Protein chains: 2
Amino acid sequence: MSSSNAIGDSSVIQQRNLVEQVADYLTQSIISQKFAPGERLSEVQLARGLGVSRAPVREAARLLESRGLLVSQPRRGFFVRALDAAELNDIFDLRLCLERHAMARLVGDFDADKERSLRRQVEVMCEVAAGDSESRKIEEDLVFHRMVIAFAGNRRLLKAFDDITHELRLCIALIGKTHADPDSISTSHWLLLEALASGDPDRCREAIDYHIGVARDYVVQGIGECAT
Amino acid sequence: MSSSNAIGDSSVIQQRNLVEQVADYLTQSIISQKFAPGERLSEVQLARGLGVSRAPVREAARLLESRGLLVSQPRRGFFVRALDAAELNDIFDLRLCLERHAMARLVGDFDADKERSLRRQVEVMCEVAAGDSESRKIEEDLVFHRMVIAFAGNRRLLKAFDDITHELRLCIALIGKTHADPDSISTSHWLLLEALASGDPDRCREAIDYHIGVARDYVVQGIGECAT
DNA sequence: GTTCGACAAACTGTCGACAGTCGACAGGTG
DNA sequence: CACCTGTCGACTGTCGACAGTTTGTCGAAC
């Protein structure tokens, strides 16, 4: 193998697997629309371009397939996942399902430590809402919701959320922008926090239903505009 | 490669992927406890035993890893997933989360066709409850719940359920037996069906909570007895 | 008897290569 | 002109091999 490849700087000691590096490269390329939705990816071309053999490319592609970023057809290879409005609705409905459950579990033993952590995260989100990149805002947003689910204490639930997280990044990236109003983001998350602090399950449910509903409507509308 | 291998060599016209065949073999071996929980699986030994090369074995193992039947450690290989009581609780809690959501969605547009299909499936379950194998009973049970979720109309939700289905098979197989009482199975599912037919969301939620709760308690208790 | 280190075996990560298969395209036929 | 068919190129599925790492063992030192 050549001493340098297109994945990253080979001057840095590469402790990590080639598979992970290729997976990261593919993920970034898909998120950044370098690869168009529905586009066919050739294993040989990717391997040649990255300076690695087909084996790690293949494994990375399988990984992204399990994450829903690629789909494979037997004997035909991998294609970039193309999402339509219906699938987007399904993803957000599943997200609502998971987050409702997490909120309900969490409100039972919500304590000061958890509240402080979440509060700090919202503050971070407020900071980055001003001038940082869109992807940074999205990441901090996802961190908040991931914290809520992690605090719920069900690791399998967290794994399910991580699974759809990749798809969420994809569809959010597809519409090219995050929430319209920077202020609405923080407000919306403060409401979630207050609902948790109130200890009222019904209020939690209302808050998360509203929160996810707004996000879903925004994304579905965005994808509708993107559609030719 | 030799013309016959140890997988199954079904000379059907449709020749399936080696990967799928190896995956099926591994799945069966894990479910049937031919491979003990926590056991290390050697790629070379598996490949040699099955008469294939390491590539399809590796891909199949990655597939099972994504399904939660195997776990991998870098440079060390694959290990059969070992479930403890806590993980089992998490899995059933996630299952409850998904099925609650599906029931809530389904009760909104429950019609005669869906009711008929589910009713027929419960009848099938009653038939096999008498003398068929344990695995058959489990499969028919899962078919019922999968139908409920499929009728809810969210394909992504169905995929999430299919994901934990593999883990459910594993943990049910671990305790070696299905529900204690054959009659209770049918009764319990009739209750779900009646709740859906009633059109009452609260009744649906009560029914599914009870149903999953019983199953979880049974399995958690079973795993507790199995634990050394 | 215990602990440490070197050596050997086995295994994973990665690579290049071959064969079967799919899709495109040119050429022939109605 | 439309349709079928044979050929060609490209690609995936699969294989065997090599290198580096992990693991287990055996002997020596304390």
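Quantities reported herein were computed from a predicted structural model and do not represent experimental measurements. Quick note on labels: first sequence line is chain A, next is B, and so on, each numbered from 1.
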Given atom [atom1] of [X] and atom [atom2] of [N], what is their separation to the nearest angstrom?
X	N	atom1	atom2	result
B/R48	D/dT14	CZ	P	20 Å
B/R75	D/dT22	CZ	P	7 Å
B/E20	D/dT14	CD	C1'	15 Å
A/E43	C/dA17	CD	P	17 Å
B/R62	C/dG13	CZ	C1'	10 Å
B/R40	D/dT23	CZ	P	7 Å
B/L41	C/dC11	CG	C1'	13 Å
A/Q73	C/dT21	CD	P	18 Å

Angle between ring planes, B/H189 versus B/H145, binned at 30° and 60°: parallel, tilted or perpendicular? perpendicular

Can you tell me if the side-chain N/O atoms of A/R76 get under 4.0 Å from OP1 or OP2 in D/dT12? no

Think B/S42 has a side-chain N or O under 4.0 angstrom from the OP1 or OP2 of C/dC11? yes

So, under a plain 3.5 Å distance rule, would you say the side chain of A/R54 forms a donor-acceptor pair with the base of D/dG13? yes

Candidate nucleotides [options], ranked by approach to the side chain of [X] - the nearest:
X	options	answer
A/L18	D/dC11, D/dT14, C/dT14	C/dT14
B/R58	C/dG13, C/dC15, D/dC15	C/dG13
A/V44	D/dT14, D/dT22, D/dT12	D/dT12

Quick one: do A/E134 and A/K137 make a salt bridge, cutoff under 4.0 Å? yes

Is B/R116 paired with B/D113 through a side-chain N to carboxylate O contact shorter than 4.0 Å? yes

Base, sugar-phosphate alone, or nothing: which one does A/Q45 contact when heavy atoms must sit under 4.0 Å apart? sugar-phosphate

At under 4.0 Å between heavy atoms, what does B/L46 touch on the DNA or RNA strands: base, sugar-phosphate, or nothing? nothing

Is any side-chain heavy atom of B/L94 closer than 4.5 Å to a side-chain heavy atom of A/L98? yes

Identify the two heavy atoms, one from B/A152 and one from B/R105, that lie closest to each other, and give their separation to 0.1 Å. CB-CB, 4.1 Å

